[in-house]
Structures are given as C-alpha cells and as structure tokens.
Colleague: 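The structure under discussion is supplied below as structure tokens; questions concerning it will follow.
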Amino acid sequence: MTAPLAPGSVIGIIGGGQLGRMLAMAAARLGYRTIILEPQPGCPAAQVASRQIVAAYDDTAALAELAESSAVVTYEFENVPVAAANALAALVPVFPPPQALEVAQDRVVEKQFLNGIGIQTAHSSPIDNDEQLATALSRYHGNGVLKTRRMGYDGKGQRLFRNAAGGDLSGTWAAMGEVPLILEELVPFEREISVIAARGADGSFRAYDPANNVHRDGILHTSTVPADIAPATAAAAQDAARRILEALDYVGVIGVEFFVLGDGSLLVNEMAPRVHNSGHWTEAACAVSQFEQHIRAVADLPLGMPHRHSDCVMENLIGDDVARMPALLAEPDLVLHLYGKAETRPGRKMGHFTKLRRPAARA
C-alpha cells in the first residue's frame with residue numbers, strides 16, 4: 001500500500017479465534033470492515049466481523065475470494081500455511097510478511113534466525129530419532145525440554161527431561177509422533193517476560209512495557225505490568241524486538257518471549273508474528289491496545305503511543321474459570337473480555353480479565 005487505508009475498506013483476517021475477534025473489534029472502531037477466513041462456522045471472530053468465509057486456510061477458491069474482497073490481509077495465528085500466505089501476497093498486501101511465518105513455524109529455523117542477527121537463545125539440538133535425543137541430553141547434562149519443531153502451542157507437543165542422561169529413551173520419538181523435534185537445554189531463569197512491539201510500513205517502531213508472565217500447565221496464567229526487572233533489561237528486551245522486526249521488514253504487531261537470567265541478561269524463548277496473549281493487558285491499561293496498534297500498522301496509519309495509564313494484572317480464564325464472570329464483574333477497576341466460545345473444555349481459553357492496580361508511574 002502507498003497510502004493509508006480509507007475508512008470503510010475491508011481487512012481480511014485468516015483465523016477466527018479470540019485474537020481475530022479482538023482484531024475485528026479494533027478494526028471496527030477505526031471504521032474498517034473485516035472478513036474472516038475460518039473453517040469453523042460462527043467462530044469467535046465471525047461474531048463481531050462483517051462476514052465469514054467458511055473454508056480451510058489453504059482452500060484455493062476461498063483464498064482467491066478473500067484476496068478479491070480485501071484491501072489488505074492479516075492473520076491471527078502463526079500456523080497459517082506459508083504457501084497460502086505467499087499465494088495471497090501475489091494478489092493483495094499481506095502483513096506481517098509471509099517470511100515471518102516461515103521463520104516462526106519451525107523452532108530450529110527460528111533459533112537460527114535469531115542467532116544470526118545476534119540475539120541469544122537457549123542451546124538446542126534438532127532431534128529426529130531416539131539416538132540423537134540421547135546424545136543431546138548427555139550434552140545438556142540430562143536436562144532439557146523436547147518439543148515438536150512445528151505446530152506446538154500452549155505447552156502441547158512438549159516433554160520435560162531432568163537428570164535423564166544415560167536413561168532408556170527408546171520409544172520417545174515414536175511417542176512424540178515421529179515428527180521433527182528439537183531439544184532445548186533447560187535454562188536457570190529467574191522469570192519469564194514478553195514484549196509486544198509494532199513496526200509500521202514506514203519503519204516506525206513502538207514497544208509496550210515488558211510484562212512478567214506466569215504459566216500453569218504450559219498455558220499463560222497471568223501477565224503483570226510493570227515487570228520486576230531492571231530498566232536496562234527492559235530496554236534490552238525492547239531493542240531485541242526492534243532488531244527482529246527490522247530484520248524481517250515486518251509490518252504489524254509481534255510478541256517476543258524472553259527468559260531473564262540471574263544477571264539480568266536475556267535469552268529469547270520464542271517469537272509470535274501476531275498479536276499475543278501476554279499483550280491483552282493493553283486493552284485495559286493503554287489508550288491504544290495491541291489490537292488497534294496492529295490494525296494501524298497493516299492499514300498504514302500512524303502507530304499509537306504505547307504508554308500505559310495504569311499498572312495491571314491480566315489473567316486468563318481457562319475452562320470452567322468462565323463461571324467466575326458474575327463475581328469478577330462485581331469488582332472495581334476490572335475489564336473483562338469473554339470470547340464467545342460455545343463449548344467449555346479443560347485447558348481452553350474462554351476469556352481474560354485485566355485488573356487495574358494504580359496509575360502508572362511517570363518518569
């Protein structure tokens with residue numbers, strides 16, 4: 001695009017989950033319509049969008065229809081088929097660029113990319129059989145996290161090893177699905193943080209304050225802002241996000257997760273080329289949320305300032321937690337968002353809330 005997207009234009013969104021829902025809501029506030037490509041009818045995003053194309057993400061006819069109907073296309077999850085994104089990009093602008101998907105979809109490729117631009121990660125080894133796993137575990141003193149290289153999320157496709165050097169590992173690769181894996185060395189980190197950052201088509205950059213993240217059963221439980229880290233650590237995290245965005249010639253919002261070591265140094269855990277769960281707090285504590293920021297970026301509008309007006313804690317509502325809604329609504333200074341999912345299941349994200357604590361300190 002060479003000019004800001006005119007009000008009333010259509011933004012295509014691949015994926016119909018809660019992130020697509022919040023993107024569609026942000027787009028509507030800025031005067032845009034949205035079309036969702038998602039195989040599940042009546043998905044959370046379709047409930048608030050202008051229209052849904054019910055089809056698979058790689059359906060050729062559906063992709064052509066989405067391109068024909070949209071001024072620009074974006075996506076809400078990183079497992080969009082790269083071939084589909086490239087096919088779309090030949091017909092209509094696609095942001096973030098398909099290259100970001102290609103990097104983020106394979107954990108080995110992702111680490112090679114990050115290390116190649118001077119960003120440190122935990123040591124890791126690609127694993128394609130039990131023998132390679134045994135060798136790598138010996139190298140990491142028996143401690144590591146075995147993950148699928150592709151398609152894992154919320155702790156799925158992972159197995160933890162502690163003091164496992166020299167043990168019987170036969171059948172492990174088969175139990176993991178006989179797919180390409182990666183073993184990541186366990187890192188003695190003090191906390192996990194993330195940075196939500198955005199880059200515009202003009203190269204402008206904005207980064208929100210880092211959030212301190214706590215996970216339960218591999219799923220994000222809370223994000224607290226401000227994070228309990230030194231200013232230099234926060235600045236280093238934001239700078240790493242900037243370097244990633246520039247290297248990818250990125251347009252849109254990205255989430256970058258970090259391990260904070262005892263000396264305040266950082267290792268990148270992973271990057272997500274999309275709006276991110278750990279940035280949901282921006283919906284309540286900032287004038288411009290990560291969702292509006294993403295729409296601004298892909299629509300070639302000026303990026304908003306990422307300052308927060310309040311300290312806060314965001315908490316996910318998982319499974320039956322959604323039954324807490326009446327009690328939560330009785331609390332002051334709380335912003336609740338339910339995702340409109342018809343079925344409650346254990347481990348399923350049903351919504352989130354952000355509790356505002358106090359006005360943010362000003363420098």
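Computed over heavy atoms, backbone and side chain alike; hydrogens, waters and symmetry mates excluded.
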Colleague: For D321, check salt bridge (charged side-chain N to carboxylate O under 4.0 Å, His left out) against everything at least two apart and list the hits.
Modeller: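 Testing D321 for salt bridge (charged side-chain N to carboxylate O under 4.0 Å, His left out), a comparison that skips the adjacent residues, returns none.
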Colleague: Which other residues belong to the hydrophobic cluster containing V108, where Ile, Leu, Val, Met, Phe, Trp and Tyr are joined when side-chain heavy atoms lie under 4.5 Å apart, directly or via other members?
Modeller: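 Cluster partners of V108: I182.
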Colleague: Decide if atom CG of D128 counts as having more than 12 heavy atoms of other residues, nucleotides or ligands within a radius under 6.0 Å.
Modeller: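 Correct, the count exceeds 12.
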Colleague: Suppose the criterion is salt bridge (Lys or Arg N to Asp or Glu O under 4.0 Å): which pairs have a residue in residues 49-71, not counting sequence neighbours?
Modeller: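 For residues 49-71: R51-E65.
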Colleague: Name each donor-acceptor pair under 3.5 Å that joins a side chain in residues 254-263 to protein atoms two or more places apart or in another chain, with its distance.
Modeller:
residue: E257; atom: OE1; partner: N269; partner atom: ND2; Å: 3.4
residue: E257; atom: OE2; partner: H276; partner atom: NE2; Å: 3.2
residue: D263; atom: OD1; partner: S265; partner atom: N; Å: 3.0
residue: D263; atom: OD1; partner: S265; partner atom: OG; Å: 2.6

Colleague: Dump the intermediate steps for side chain to side chain contact (heavy atoms under 4.5 Å, CB included) on V275 and E76, then the final yes or no.
Modeller: CA-CA 7 Å; V275 289; E76 63 129 29; 5.6 Å; no
Colleague: For the residue pair V268 and K111, establish whether any side-chain heavy-atom pair is separated by less than 4.5 Å.
Modeller: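 Side chain of V268 against side chain of K111, heavy atoms only: no contact under 4.5 Å found.
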Colleague: Would you confirm whether W281, through its side chain, and F353, through its main-chain N or O, come within 3.5 Å as a donor-acceptor pair?
Modeller: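 No; zero donor-acceptor contacts below 3.5 Å.
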Colleague: For the atom pair CD (E331) and NZ (K355), what is the distance rounded to the nearest 0.5 Å?
Modeller: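 Between E331 CD and K355 NZ, I get 4.5 Å after rounding to 0.5 Å.
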Colleague: Whether the side chain of D333 engages the backbone of L356 through a donor-acceptor N/O pair (distance < 3.5 Å, no angle test) should be reported.
Modeller: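 Pair absent, no side-chain N/O of D333 close to backbone of L356.
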Colleague: With F291, which residues qualify under ring pair (Phe, Tyr, Trp, His ring centres under 6.0 Å), at least two apart?
Modeller: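 In terms of ring pair (Phe, Tyr, Trp, His ring centres under 6.0 Å), with neighbours along the sequence ignored, F291 is linked to H280.
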Colleague: Out of curiosity, T121 OG1 to Q112 CD, how far, rounded to the nearest 0.5 Å?
Modeller: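 CD of Q112 is found 10.0 Å from OG1 of T121.
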Colleague: Taking all atoms of both residues into account, what is the closest heavy-atom pair of A84 and L63, and its distance?
Modeller: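 Closest approach of A84 to L63: CB-CD1, 3.7 Å.
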Colleague: Could you go step by step and tell me if E78 and E270 meet the side chain to side chain contact (heavy atoms under 4.5 Å, CB included) rule?
Modeller: CA-CA 12 Å; E78 60 266 45; E270 63 181 25; 5.6 Å; no
Colleague: Contact between K341 and Q18 at the side-chain level, heavy atoms closer than 4.5 Å - yes or no?
Modeller: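 Yes - at least one pair of side-chain heavy atoms lies under 4.5 Å apart.
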Colleague: Provide the full list of salt bridge (Lys or Arg N to Asp or Glu O under 4.0 Å) pairs with a residue in residues 239-251, sequence neighbours left out, each pair given once.
Modeller: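 Sorted result for residues 239-251: R199-D249, D239-R242, D239-R243, R242-E246.
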Colleague: Test side chain to side chain contact (heavy atoms under 4.5 Å, CB included) on N79 and Q105 and set out the steps.
Modeller: CA-CA 6 Å; N79 288 324; Q105 284 181 3; 4.1 Å; yes
Colleague: C43 versus I36: any side-chain heavy-atom pair under 4.5 Å?
Modeller: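 Yes, their side chains come closer than 4.5 Å.
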Colleague: What residues, two or more places apart in sequence or in another chain, satisfy salt bridge (charged side-chain N to carboxylate O under 4.0 Å, His left out) together with R324?
Modeller: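 In terms of salt bridge (charged side-chain N to carboxylate O under 4.0 Å, His left out), with neighbours along the sequence ignored, R324 is linked to E315.
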Colleague: Would you say NE2 of H123 has more than 12 non-hydrogen atoms from neighbouring residues, nucleotides or ligands within 6.0 angstrom?
Modeller: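 Atom NE2 in H123 is not packed in, count stays at 12 or less.
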Colleague: Which donor-acceptor pairs under 3.5 Å do the side chains of residues 91-100 make with protein atoms, sequence neighbours left out?
Modeller:
none

Colleague: I want to check something: taking the side chain as every heavy atom from C-beta on, are H294 and L23 in contact at a cut-off of under 4.5 Å?
Modeller: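 Heavy-atom side-chain distance check passes, below 4.5 Å.
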Colleague: Can you check whether A198's main-chain N or O pairs, donor with acceptor, with Y208's side chain at less than 3.5 Å?
Modeller: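 No.
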Colleague: Would you mind reporting whether V103 and M271 have side-chain heavy atoms less than 4.5 Å apart?
Modeller: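 M271 vs V103: side chains touch.
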Colleague: I need the minimum non-hydrogen distance between I53 and A62, along with the two atoms involved.
Modeller: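 Answer, listing the atom of I53 first, then A62: CG2-CB, 3.9 Å.
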Colleague: Let's go through H352 and E283 carefully: what are the C-alpha distance in whole Å and the side-chain angles of both, what is the deciding distance for side chain to side chain donor-acceptor pair (under 3.5 Å) to 0.1 Å, and is it a yes or a no?
Modeller: CA-CA 11 Å; H352 70 270; E283 180 185 43; 2.8 Å; yes
Colleague: Taking the side chain as every heavy atom from C-beta outward, state whether D209 and Q238 have any atom pair closer than 4.5 Å.
Modeller: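 With C-beta onward as the side chain, the pair touches.
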Colleague: Treating E38 as the side-chain partner and I13 as the backbone partner, does any N or O pair qualify as donor plus acceptor under 3.5 Å?
Modeller: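 No, because the side chain of E38 does not come within donor-acceptor range (under 3.5 Å) of the backbone of I13.
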Colleague: For Y32 versus A299, what's the shortest heavy-atom pair and its separation?
Modeller: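 Taking every non-hydrogen atom into account, OH-CB, 3.7 Å.
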Colleague: Say you draw a straight line from CD1 of I244 to CD1 of I119; how long is it, rounded to the nearest 0.5 Å?
Modeller: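 Result: 4.0 Å between the selected atoms.
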Colleague: List the atom of L169, the atom of A134, and the distance in Å for their closest heavy-atom pair.
Modeller: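 For L169 versus A134, the nearest heavy atoms are CD1-CA, 3.5 Å.
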Colleague: Is there a donor-acceptor contact under 3.5 Å from the side chain of D202 to the main chain of S204?
Modeller: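 Yes: the side chain of D202 pairs with the backbone of S204.
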Colleague: Quick one: salt bridge (charged side-chain N to carboxylate O under 4.0 Å, His left out) partners of R21, sequence neighbours excluded?
Modeller: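 R21 satisfies salt bridge (charged side-chain N to carboxylate O under 4.0 Å, His left out) with no other residue.
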Colleague: Apply side chain to side chain donor-acceptor pair (under 3.5 Å) to D320 and T344, showing your working.
Modeller: CA-CA 7 Å; D320 291 337; T344 301; 5.3 Å; no
Colleague: When rounded to the nearest 0.5 angstrom, what is the spacing between SG in C286 and CZ in R308?
Modeller: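 Interatomic distance, C286 SG to R308 CZ, rounded to 0.5 Å: 8.0 Å.
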Colleague: Mind checking ring pair (Phe, Tyr, Trp, His ring centres under 6.0 Å) for F77 and listing every partner two or more places apart, or none if nothing turns up?
Modeller: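 Residues passing ring pair (Phe, Tyr, Trp, His ring centres under 6.0 Å) with F77: Y57.
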Colleague: If we only count heavy atoms from C-beta on, is the L317 to L336 side-chain gap below 4.5 Å?
Modeller: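 Counting from C-beta outward, L317 and L336 do come under 4.5 Å.
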Colleague: Restricting to side chain to side chain donor-acceptor pair (under 3.5 Å), what partner residues turn up for Y140, sequence neighbours left out?
Modeller: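 Listed in chain order: S125.
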Colleague: Count the heavy atoms belonging to other residues, nucleotides or ligands that lie under 6.0 Å from NE2 of H141, then report whether that count exceeds 12.
Modeller: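 Counting neighbours around NE2 of H141, 12 or fewer heavy atoms of other residues, nucleotides or ligands fall under 6.0 Å, so no.
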Colleague: So does E343 get a backbone contact from the side chain of R348, meaning a donor-acceptor N/O pair under 3.5 Å?
Modeller: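 It does hold such a pair.
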Colleague: What are the two closest non-hydrogen atoms of I193 and P210, and how far apart are they?
Modeller: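 Closest heavy-atom pair between I193 and P210: CD1-CB, 4.2 Å.
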Colleague: Mind checking whether L146 and T172 have side chains closer than 4.5 Å, heavy atoms only?
Modeller: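 Side-chain contact under 4.5 Å: yes.
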Colleague: To check you understand the geometry: which heavy-atom pair defines the closest contact between L101 and P273, and what is its length?
Modeller: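 For L101 versus P273, the nearest heavy atoms are CD2-CG, 4.4 Å.
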Colleague: Please report the interatomic distance OG1(T74) to CD1(I14), rounded to the nearest 0.5 Å.
Modeller: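 It comes to 8.0 Å.
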Colleague: Rounded to the nearest 0.5 Å, what separates atom CD1 in I295 from atom OG in S289?
Modeller: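 With rounding to 0.5 Å, CD1 (I295) is 9.0 Å from OG (S289).
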Colleague: Who pairs with R162 by side chain to side chain contact (heavy atoms under 4.5 Å, CB included), at least two apart in sequence or on another chain?
Modeller: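 Side chain to side chain contact (heavy atoms under 4.5 Å, CB included) list for R162, sorted by chain: N143, L160, L186.
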Colleague: As a quick check of understanding, evaluate side chain to side chain contact (heavy atoms under 4.5 Å, CB included) for R139 and L183, giving each step before the final call.
Modeller: CA-CA 11 Å; R139 186 181 307 125; L183 182 72; over 6 Å; no
